[in-house]
Amino acid sequence: MIAGQDHHRGFRPRSGEPRAERACHASALGAKPCGTMARAETETELNHWADVAAERTLAAHPGLTRITVAAGITPSGVVHIGNFREVITVDLVARALADRGVDVRFLYSWDDFDVFRSVPADAPKADALRGELGRSISSVPDPWGEHDSYATHHIAAFEASIGPLGIRPEFIRQSRAYRAGRYAEGMRAALQKADVIVRIINTSREKNGARSMLPADWLPLAGFCDACGYDDVGFRYDGDWTVHVTCNRCQHEGDTDLRRGGNLKLPWRVDWPMRWGYEKVCFEPGGKDHSSAGGSYDTAQHIVREVYGWSAPQYVGYDFVSLKGAGGKISSSRGGVVTVADCLEVYEPAVLRWLFAGYRPNTEFQISFDADAIKIYEDYDRAVRLAHEPDDGTAKDAKRRAARRTLQLASVDHRKIEPGTPPPEPIGFRHLGVVVQIFGGDIDRVMSHLVERKMVAGALAEAACRQRAVCAWNWITEHAPEEFHYRLREDPVAKPLPPEVAPLLARLVAIIEDVPDGDEDGLGARMKTLAAEGADLKLLYPVVYDLLIARDKGPKLTSLLATIGRTRALALLKASLVPTVTQA
RNA sequence: GGGCCUGUAGCUCAGCUUGGUAGAGCAGCGGACUUUUAAUCCGCGGGUCGCGGGUUCGAAUCCCGCCGGGCUCACCA
């Protein structure tokens, strides 16, 4: 859930039991029969922060055969990459738990019974939306006209975007659960123990020097009018299953039987612990904005114990993800947010996962779409290479193991890299960015070009390369700084050539005609000969680049020529040669 | 005002739980190879670990204080 926090010292309910029980769990893995070996391996290989959280969760629930982990977000606006940290954090811990032989249930609660409180800057039909303020986001019409509600619009977009990342939680929509009466018992418990809840919250407020207290007759209820749908309602509770609701807006009155469900819910601070108890949640992370004393996690952990007889879940706190350049917290109400789908345009799913898996959750980091994209891909490729190296008993083994574990958690299919196996040889993002431009973004041609030259082999590698090529093209067209842009001239231009350059260009043309199409090495050898004969290629290069790509510099010439092919290259180069056609 | 997180090389971060002479990648510089935005490989430089105290034989690590940055404390989720 979006709240909760840990920050490792603050709220941890009971610390002090770890050792014995951790050992117990590690060796109770079952799958690994040989005692000490299994443990040693566990401790060195399952060493990611998600593993630590998993161990802690197991230690807190000894004997439980099924562990429930949960995430939750309010779709009150575009669900962005910052919200994604919640989900990926749970996903990673879920995997770490599954690796320990536990049956894991991954719940994802959409808090779509929330009140529509502000109109996002980027929403269409703002005027109409303003009139909906105060209703449930699950009741507000979709201003984009695509879904049955405002909430569903954002939910659908996000659910679709995490599919490619291999994240498949069990989604729950709070609006439906409440309306169906599923939480009736939990609501009644909260209402009957309203005094306990008031005490907990007020005690917390006192401790924090709050300026106001909940009144003694406060009811832990929120909801919407059955007639008009707005949240300006009052409640009267009969002590059992019935709540009398009065609307201050349309004057509608009526009784709601909690068992039948309806438009009533618990306020956030109570809703959260109620669901912990209802779903038996063992782990749920929280954003740093909910970490403080007196915050919702703080009171929720008391409420869940005293009202619902369950203990607060284990958690890790995560910091914000910000957009490089934009600075600060990503806010869905400000518009211009970055979504998971946006990120997947530029980053392969595994790379995106790797980014989140690599940072400790409690550190803030920036997601970037500028030249950093190249660095990130290069770092990723390097990590993959490192992970494939066999261990050799040196200190570097620790890094190899860490890389393997992080990459396994980052992979979409949870594939483990076996040390000593040959690493894949992906084409670098930077290079791909050049290639893809040479073909004007025609990915099919990029692929056949690469396959013909045996730079990519095998169906898997091809699929991976194609995906990366698409990302590279998206990056080039949408984000890359100007210096990365290359564009092959469509039509040849005839440029006046300095007298000393013309013969050189003629020689180059001759070489191209002579060497088999696409034979980069052959070209290279002939160029070398040319230089050895005393030709000053430094004079030639700028001219050639200009004729080809309208710049004075460019990718390594032999690669460029080999890539664009003889026909196109000759057409572009010969145009300037006409007056001085010498011998080839 | 209370609480939590955070401040380590130019940049991004690891190390802090279980004190023992400061780490990685990138960038920079040098070299090899290669005829040039490049790739790969080798090497180098670079940090008073925010500041000040304390504990200790020894502190980036533990404790206290201060400064800077972030978040939070609302019948909001």
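In the text below, chain A, chain B and the rest are named by the order of the sequence lines, each starting its count at 1. These numbers come from the heavy atoms of this one structure, side chains and all, not from hydrogens, waters or symmetry mates.
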(Q) Measure CZ/Arg85(A) against P/G70(B) and give the value in whole Å, please. (A) 18 Å
**Q.** Closest to side chain of Asn362(A), choosing from C75(B), C5(B), A77(B)
**A.** C5(B)
**Q.** Integer angstrom distance from the P of A22(B) to that of G3(B)
**A.** 34 Å
**Q.** Gap between atoms NE2 and P, on His154(A) and A77(B) respectively (whole Å)
**A.** 18 Å
Q. Between Val307(A) and Val270(A), is any pair of side-chain heavy atoms under 4.5 Å apart?
A. no
Q. With rounding to whole Å, what would you report as the distance between G45(B) and A9(B) at their C1' atoms?
A. 11 Å
Sub-3.5 Å pairs of nitrogen or oxygen atoms, protein against nucleotides 26-29 of chain B:
| unit_1 | atom_1 | unit_2 | atom_2 | d |
| --- | --- | --- | --- | --- |
| C26(B) | OP1 | Arg382(A) | NH2 | 2.9 |

Q. For Asp370(A) and U12(B), what is the distance between atoms CG and C1' respectively, to the nearest whole Å?
A. 12 Å
Q.
What contact category does Thr363(A) fall into here, base, sugar-phosphate, or nothing, at under 4.0 angstrom with non-hydrogen atoms?
A. sugar-phosphate
**Q.** For atom CD1 of Ile374(A) and atom C1' of U12(B), their distance in whole Å
**A.** 16 Å
Q | Partners meeting side chain to side chain contact (heavy atoms under 4.5 Å, CB included) with Val384(A) (sequence neighbours left out) | A | Tyr380(A), His388(A), Leu407(A), Pro424(A)
Q: Compare all side-chain heavy atoms of Leu221(A) with those of Met187(A) and state whether any distance is below 4.5 angstrom.
A: yes
Q: May I ask you to test the Asp271(A)-Gln174(A) pair for a side-chain heavy-atom distance under 4.5 Å?
A: yes
Q: Could you say whether Leu214(A) or Arg385(A) is positioned toward the 5' end of RNA chain B, judged by the nucleotide with the nearest heavy atom to each?
A: Arg385(A)
Q.
I want to verify a distance call: between A77(B), C13(B), A39(B), whose nearest atom is closest to the Arg430(A) side chain?
A. A39(B)
Q | Spacing of Phe365(A) atom CZ relative to G7(B) atom C1', expressed in whole Å | A | 19 Å
Q. Sequence neighbours excluded, which residues qualify as side-chain hydrogen bond (donor to acceptor under 3.5 Å, both in side chains) partners of Asp379(A)?
A. Lys375(A), Arg382(A)
Q. Between Ser296(A) and Trp268(A), do the side chains contain an N or O donor and an N or O acceptor separated by less than 3.5 Å?
A. yes
Q) Is there a donor in the side chain of Thr246(A) and an acceptor in the side chain of Arg236(A), or the other way round, less than 3.5 Å apart? A) no
Q. How is Phe113(A) classified with respect to the nucleic acid when contacts are heavy atoms under 4.0 Å: base, sugar-phosphate, or nothing?
A. nothing
(Q) Taking the ring centre of each residue, are Tyr318(A) and Trp49(A) less than 6.0 Å apart? (A) no
(Q) Checking base pairs now: Watson-Crick or wobble, both atom distances under 3.5 Å. What partners G28(B)? (A) C44(B)
(Q) Using the P atom as the point on both nucleotides, what is the distance between G70(B) and A32(B), in whole Å? (A) 48 Å
Q: Give the rounded distance in Å between these two atoms: CG of Asp298(A) and C1' of C73(B).
A: 10 Å
(Q) Could you tell me how far G7(B) sits from G15(B) if I compare only their P atoms? Round to whole Å. (A) 10 Å
Q: Please determine if a side-chain N or O atom of Arg269(A) lies less than 4.0 Å away from the OP1 or OP2 oxygen of A74(B).
A: no
Q | Phosphate contact (C75(B) OP1 or OP2) by Arg205(A) side-chain N/O below 4.0 Å | A | yes
(Q) Using whole Å, what does the distance between atom P of nucleotide C13(B) and atom CD1 of Ile376(A) come to? (A) 11 Å
Q) 5'-most contact on RNA chain B: Lys265(A) or Val434(A), nearest heavy atom basis? A) Val434(A)
Q: For the side chain of Phe320(A), starting at C-beta, report the closest nucleotide among C75(B), C71(B), U12(B).
A: C71(B)
Q: Could you state the atom-to-atom distance from CH2 of Trp218(A) to P of A74(B) in whole Å?
A: 13 Å
Q: Looking only at side-chain atoms of Tyr359(A), point me to the closest of C13(B), C5(B), A38(B).
A: C13(B)
Q) If you measure from the P atom in C26(B) to the same atom in G20(B), how many Å do you get, rounded? A) 27 Å
